[in-house]
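Order of appearance sets the numbers: ligands from 1, and atoms from 1 within every ligand. Small disclaimer: the values here were computed from a predicted structure and weren't measured.
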Amino acid sequence: MHETIDSRHMNALDLNCEFFGLSRLQLMENAGKGIAEEILSRFNHGRVVIFAGTGNNGGDAFVAARFLKGFDVEIVLAGDVKSELARRNLSILEKAGMPVSRWGSYEFEGGDIIIDALLGTGFRGKLRGPYRAIIHKINESDGFKVSVDVPSGLDADTGEYETAVRADLTVTFHRAKPGLLRAGELAGEVVVKDIGIPELFEKLSGPGDFKLAYRRFEHAHKGMHGRVLVVGGSPYIGAPVLSALAALKAGADIVTLAVPESIYPQAGSFSPELIVRSIPGDELSTENVSEIARLAEKHDVVVFGMGTVDKGDVAEEISERVERMVIDAGGLSPSIHCNAILTPHAGEFRRVFGKEASEVNVIDAAEKSGTCIILKGKRDIISDGERTKYNDTGNAGMTVGGTGDVLAGIAGALYAINDDAFTAACASAFIAGYAGDLCFEEKGYNFTALDVIEKLPHAVKKIMELK
Ligand SMILES: NC(=O)C1=CN([C@@H]2O[C@H](COP(=O)(O)OP(=O)(O)OC[C@H]3O[C@@H](n4cnc5c(N)ncnc54)[C@H](O)[C@@H]3O)[C@@H](O)[C@H]2O)[C@@H](O)CC1
Ligand SMILES: [K+]
């Protein structure tokens, strides 16, 4: 059975590749060469007709055309090519004198090999324009039909289709698409081509992971972008305040900060943007759990523990009463009963789980505790026991106090709008480090946790603008 990747995760991976320096143009080149290799291993001459759509699926076939030496190749376009990368490859073919025509003014007389590069993973909804007619023509002809990535008309994720190319061979890239496995005979023989994405890239968090987790609704009402309750403090005051501010700047609509009454006056005076609640007592205790659980009802997630010492028992009890938590610092505990993201650094990991902070131990601890763990370090390790990723953003300036509190707040904001803790955790680690990298660009190593918080909106904007 093929391992699969759906179109959202493929797009995320492709954005990450670009971020790590492996350009889409390189991936397209490898994809196109891969198609040609499969054809060359089966045929050595003949007439090839390429039917190309307007996106990158067509672009892959334009590359393939350059490698089909000894064949008569002609290209038929379904419409104006919109993808810049595909246009670039098409103009090379024009320059090289290959015949290019437009569907509508083209008389299809069949071919020995037909390359179906009309629609790939970008196909959505019902077929529009000339596609249905072209697909019927392809299916009526006798040539050997090669579909690029997926048979055009087939939904790459669900495998559903009304009208789709009946392929003899489908050449797909990096991994099979889930729809191919559900398409049965429609896809013909399925060959997965390596397009040169290093294995590590699949495990590294990048902008694609952030885009999977972050969302803004156009017609939003207050609260839709997340309601976060931050509970912490005493003896330390600044830590929970940093988490709360970070949650706001990471996009949460509503952030409530709850602290023991002993530090309430100071915590409350930090920022007019925060709603601050006072909890009875000098320090958080299990006696506060009912009140915290009651406050939590109006929030999507509780971020707990920053600025506290040895409050694992309080975290445990809260976790019996709420659905989602992010737990840091003094709140960390191995027995948490709700869905949670734990954010220890190496020392905290050793203290809480009694083991060295290594990748296998993080995976094991996540699995046994049923939580998602972000082990903070030069390379963050993120695992929910089943999936594991790394994050390399961030720099030596982030060793300054408070950046851990910032991460916890960001994780709260992103976990508030994502059901999947792992998706939220990978995105949080990435954007926290990326904001730190923007600080470094501007100020060198001597920046503070507040600087990182200030940079968060810019970091989010820059990443969301990446295409
Ligand atoms: N994501 C990646 O990492 C890679 C993608 N590659 C190729 O890129 C393809 C995806 O490219 P794109 O995202 O440009 O998408 P496609 O090329 O699959 O299709 C997008 C085009 O089709 C049009 N379209 C979408 N739905 C339609 C409908 N119902 N009726 C009519 N037209 C419709 C869109 O307006 C757009 O112009 C993949 O299938 C693969 O072939 C490869 O180059 C290798 C790397
Ligand atoms: K296709």
Does Asn56 approach ligand 1 within less than 4.0 angstrom via side chain, backbone, both or neither, non-hydrogen atoms only? both
Cut-off 3.5 Å, side chains only: do Asp149 and Asn57 have a donor facing an acceptor? no
The K ion (ligand 2) reached by Leu119 (N, O or S, under 3.4 Å): yes
With a cut-off of 3.4 Å, does Val148 put an N/O/S atom close enough to the K ion (ligand 2)? yes
Does Pro151 put an N, O or S atom under 3.4 Å from the K ion (ligand 2)? no
For the ring pair Phe51 and Phe108, is the centre-to-centre distance below 6.0 Å? yes
So is there a nitrogen or oxygen of Gly58 less than 3.5 Å from a nitrogen or oxygen in ligand 1? no
Could you tell me the angle subtended at the K ion (ligand 2) by OG of Ser152 and OD1 of Asn57, rounded to 10°? 100°
Among the N/O/S atoms of Asp116, select the one at the shortest distance from the K ion (ligand 2) and name it. O
Closest heavy-atom approach to atom 42 (C) of ligand 1 among Val171, Asp60, Asn30 is made by Asp60
Would you call Glu29 and Arg66 a salt bridge, taking side-chain N to carboxylate O under 4.0 Å as the test? yes
Using 3.4 Å as the threshold, say whether any N, O or S atom from Ser147 sits that close to the K ion (ligand 2). no
Geometry only, no angles: is Arg128 polar-contacting ligand 1 at N/O separations under 3.5 Å? yes
Are any of the protein's heavy atoms under 4.0 angstrom from atom 38 (C) of ligand 1, yes or no? yes
Are Arg387 and Asp420 close enough for a salt bridge, meaning some N to O gap below 4.0 Å? yes
List the atom of Lys355, the atom of Lys368, and the distance in Å for their closest heavy-atom pair. NZ-NZ, 4.4 Å
Using heavy atoms and a threshold below 4.0 Å, how should the contact between Arg24 and ligand 1 be classified: side chain, backbone, both, or neither? neither
Min N/O separation Gly122 to ligand 1 under 3.5 Å: yes
Ser83 N/O under 3.5 Å from ligand 1 N/O: no
Less than 4.0 Å between a side-chain N and a carboxylate O, is that true for Asp116 and Lys145? no
